[in-house]
Amino acid sequence: MYGKVCTFFGHSECYGLDAAVLRSTIEDLIKQGVTEFLVGNHGQFDSMVFSCLQELSKNYPKISYSVALAYLPTHKEEFDIYHGHSFYPEGQEVGPAKFAIERRNRWMIDASDCCLCYINHTWGGAYKFARMAKNRGLQVINLGSVAIEGNPRRRKKE
């Protein structure tokens, strides 16, 4: 049996987020059966998540974590920055580049069972995709200050 998959959405700047709280929450998810983590690479929250996952993987060797890239890297160094933990999702190259982050985020939601967020306001992409995750039936945990609204009758397709 495979474990659960978790994705992350947060503001590009995440002032006030305690890294210890983030780490503890991810560790709780691991204890609940999450074994795979998908994170983006745009902003402070994604960077904090990646650092926590690197550290936690030392104590939990069965977990895997990957950075889902929105844009195809033009240089090998852009892949190497994540120490072999990055990939470019299939189908990501289809469509205009200005929608690449949106396509990647939708892909991450479709591939996940739960979503860990840091969201303090209801505008912008982080809130939009956390709400989308909730509407698709994913468990959504927000370490920020706002409630993530969603339609509780909709469920993720199996």
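Just so it is clear, the structure is predicted and the values come from calculations on it, not from any experiment.
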Exercise for the section: Examine distances only and state if a side-chain atom of Arg104 and a backbone atom of Ala68 form a donor-acceptor pair shorter than 3.5 Å. Expected result: yes

Handout entry: Nearest heavy-atom neighbours spanning Asp46 and Gly40
Key = OD2-C, 3.2 Å

Exercise for the section: Only counting residues at least two apart or in another chain, list the ones meeting side-chain contact (heavy atoms from CB on, under 4.5 Å) with Ala126. Expected result: His11, Ile119

Exercise for the section: Quick one: closest heavy-atom pair of Cys6 and Val34, and the distance? Expected result: CB-CG1, 3.7 Å

Completion exercise
Rounded to the nearest 0.5 Å, the OG atom of Ser64 sits from the CZ atom of Phe37 at a distance of 8.5 Å

Exercise for the section: Report yes or no: do Met108 and Ile148 belong to one cluster of Ile/Leu/Val/Met/Phe/Trp/Tyr joined by side chain heavy-atom distances under 4.5 Å? Expected result: no

Exercise for the section: Mind checking ring pair (Phe, Tyr, Trp, His ring centres under 6.0 Å) for Tyr118 and listing every partner two or more places apart, or none if nothing turns up? Expected result: none

Exercise for the section: Enter the distance from Leu53:CG to Ile30:CD1 here, rounded to the nearest 0.5 Å. Expected result: 7.5 Å

Completion exercise
One should read off an interatomic distance between Phe45 CZ and Met48 CE, to the nearest 0.5 angstrom, of 8.0 Å

Exercise for the section: Output the distance between atom OG (Ser112) and atom CZ (Arg136), rounded to the nearest 0.5 Å. Expected result: 11.0 Å

Handout entry: Side chain to side chain, Val140 and Phe9, heavy atoms closer than 4.5 Å
Key = no

Handout entry: Glu149 side chain near Tyr127 side chain, heavy-atom distance below 4.5 Å
Key = yes

Exercise for the section: Find out whether Gln32 and Lys4 are in side-chain contact, i.e. whether some heavy atom of one side chain is under 4.5 Å from a heavy atom of the other. Expected result: no

Practice task
Could you tell me which residues satisfy salt bridge (charged side-chain N to carboxylate O under 4.0 Å, His left out) with Glu13, sequence neighbours excluded, listed by chain and number?
Solution key: none

For a quick test of your reading: what N or O donor-acceptor pairs under 3.5 Å do the side chains of residues 14-27 make, sequence neighbours left out?
unit_1 : atom_1 : unit_2 : atom_2 : d
Asp18  : OD1    : Ala20  : N      : 2.9
Thr25  : OG1    : Val21  : O      : 2.8
Glu27  : OE2    : Tyr60  : OH     : 2.6

Practice task
Under the salt bridge (charged side-chain N to carboxylate O under 4.0 Å, His left out) rule, collect the residues that match up with Lys58, sequence neighbours excluded.
Solution key: Glu55

Completion exercise
Which of Thr7, Val39, Leu116 passes side-chain contact (heavy atoms from CB on, under 4.5 Å) with Val49? Answer is Val39

Handout entry: Heavy-atom check, side chain of Ile141 versus side chain of Cys114, under 4.5 Å
Key = no

Practice task
Ignoring hydrogens and angles, tell me if any N or O in the side chain of Asn120 forms a donor-acceptor pair with the backbone of Gly144 under 3.5 Å.
Solution key: no

Handout entry: Distance (rounded to the nearest 0.5 Å) between Cys117 SG and Phe129 CZ
Key = 12.0 Å

